[in-house]
2 protein chains.
Amino acid sequence: MRRTDRLFDIIQILRDGKLHRAQDIADRLEVSVRTIYRDMDTLVASGVPVEGERGVGYMVREQITLPPLNLTPAELKALNLGMAIVAEAADPDLKTAAESLADKIDAVLPTQVVAEADTWKFAVYPFADAARGLAHMAPIRSAIKSRQKLQLSYRRIDGVLTERTIRPLHMEYWGRVWTLTAWCELRAGFRVFRIDLIEAVSPLPELFTDEPGKRLSDYDPQG
Amino acid sequence: MRRTDRLFDIIQILRDGKLHRAQDIADRLEVSVRTIYRDMDTLVASGVPVEGERGVGYMVREQITLPPLNLTPAELKALNLGMAIVAEAADPDLKTAAESLADKIDAVLPTQVVAEADTWKFAVYPFADAARGLAHMAPIRSAIKSRQKLQLSYRRIDGVLTERTIRPLHMEYWGRVWTLTAWCELRAGFRVFRIDLIEAVSPLPELFTDEPGKRLSDYDPQG
DNA sequence: TTCCAACTGACAGGTTTATGTCAGTTATTG
DNA sequence: CAATAACTGACATAAACCTGTCAGTTGGAA
């Protein structure tokens, strides 16, 4: 676990909020600079809010981070209700905070309407290692919202790279990986993609509308 | 990443909520039973709510799991406020849910009082791999609350096993690892322990009180 | 333009990790 | 009691990963 320990050390070094050069960190931890660059990749991929700037160095944006949480449906309901109430508050800062928190939670839950108990059967599980496809998530989410078709380069588990046009419907966190449920125009069927296996996404100008048989509600995971 | 893929597959197999024998999973994924047992360990260590029963098989308890979340201090405040409001609600189910959510969040944040902006400078970072010391966390938390001294077997990074009596003060999540800040009676000083490196904890009958110089507020991480 | 330091890709080791096999033990059910 | 299936430990081998080295490129600031 030497590497793991080093990653921990790097976080400790960075948490003073000051600038640090990769070279300095490398000297201090007695590894090569190259290794530090690789470690920074790992940290970023793991969600540590560290930022590097060429010619400058590394810094962390300070934030509070919650580890994976297991909630019951009732707790989630309480959470949503609470945010709705606070969002009505007079204090503009609190109002904004409540709204953005609600958005974050929303973003992280199945995009499906967040209420029916049935939905929770397809629950999400904590894990983490692959926040790999992180970069793709923003465009995917916005495409789901705006009902915009996507061009997808997807590397299947067997290593084959495929190109498809899809209607993105639903994102889900499986703890270890995020998945994207979509209607695939190529296969004319529902497909679930692992976001960490997506090579590239680009939004297409084409929009899509609800068509019977192509909606999320028509999708039967067991089928 | 073969192993990672298999772990994902196991979750998918288990998520039907039915019983599964290790042997069946092993056959289906074309690995040995031994490997499945090891995988189950990994899943449990990663927080997946899977349960094995001898002579029976494996099942998952269904739950909603939130991935690591980055919050601003304002968002956390909104969250706490929201839960406090909902906890006053008439509906007993909602009340209970709000209370337990508040507890969960509380349990996961620095044990230090959860309000001052300064506190957040020692933020927590998401990660995950080592939820190793998970089992120790409950006794440690309760010892912090009840101000009970702990007997600690701690394996230092250099591999040396040490025994100490400590006053547990504060737990913190660093994304990759949890840490325990404590007053160490052996060294007569503050020490930060990584919970994943703790071999064993046992609560001692002895209680401790606030003594000048031995309180969390006397601890200067930079010193 | 030059300097700086972050970044990237490739490659050859060395080390670590994962896996299967085997030989057990333990808790539960009938 | 026997049967079942989860669990554990040890060990050799194979596969994956980590690391340093080297030779670049990129973007910002002076």
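Chain naming here is simple, since letters A, B, ... match the order of the sequence lines and numbering starts at 1 in each.
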*Which pairs count as salt bridge (Lys or Arg N to Asp or Glu O under 4.0 Å) when at least one residue sits in residues 181-191 of chain A, sequence neighbours excluded?*
A/K149-A/E185, A/R167-A/E185
*Once you round it to whole Å, what is the distance between C1' of C/dT17 and CG of B/L7?*
13 Å
*Distance in angstrom units between A/I25 CD1 and C/dA6 C1', rounded*: 12 Å
*asked:* Going by the rule side chain to side chain donor-acceptor pair (under 3.5 Å), which residues pair with A/R147 if we only count those two or more places apart in sequence or in a different chain?
replied: A/D210
*Any sub-3.5 Å donor-acceptor pair from A/Y37's side-chain atoms to A/A22's backbone N or O?*
no
*In whole Å, what is the span from the NE2 atom of A/H20 to the P atom of C/dA6?*
12 Å
*Between D/dA3 atom P and B/Q23 atom CD, what is the distance in whole Å?*
18 Å
_Gap between atoms CG and C1', on B/D41 and D/dT8 respectively (whole Å)_ = 9 Å
*Do you see a donor-acceptor pair shorter than 3.5 Å between the side chains of B/S202 and B/Q151?*
no
*Please state how far atom CG in B/L19 lies from atom P in D/dA5, giving the value in whole angstrom units.*
11 Å
*How close or far is atom C1' of D/dC7 from atom CD of B/E51, stated in whole angstroms?*
16 Å
*What integer distance in Å separates A/Y58:OH from D/dG28:P?*
15 Å
*Can you give one letter per nucleotide of nucleotides 19-30 of chain C, going 5' to 3': B for a protein heavy atom under 4.0 Å from the base, S for sugar-phosphate only, - for none?*
BBB----BBS--
*Does one side chain, of B/Q148 or B/E206, offer a donor that lies under 3.5 Å from an acceptor on the other?*
no
_Return the CG to CG distance between B/L19 and B/L14, rounded to the nearest 0.5 Å._
10.0 Å
*Can a side chain N or O of B/Y37 be found less than 4.0 Å away from OP1 or OP2 on D/dC7?*
no
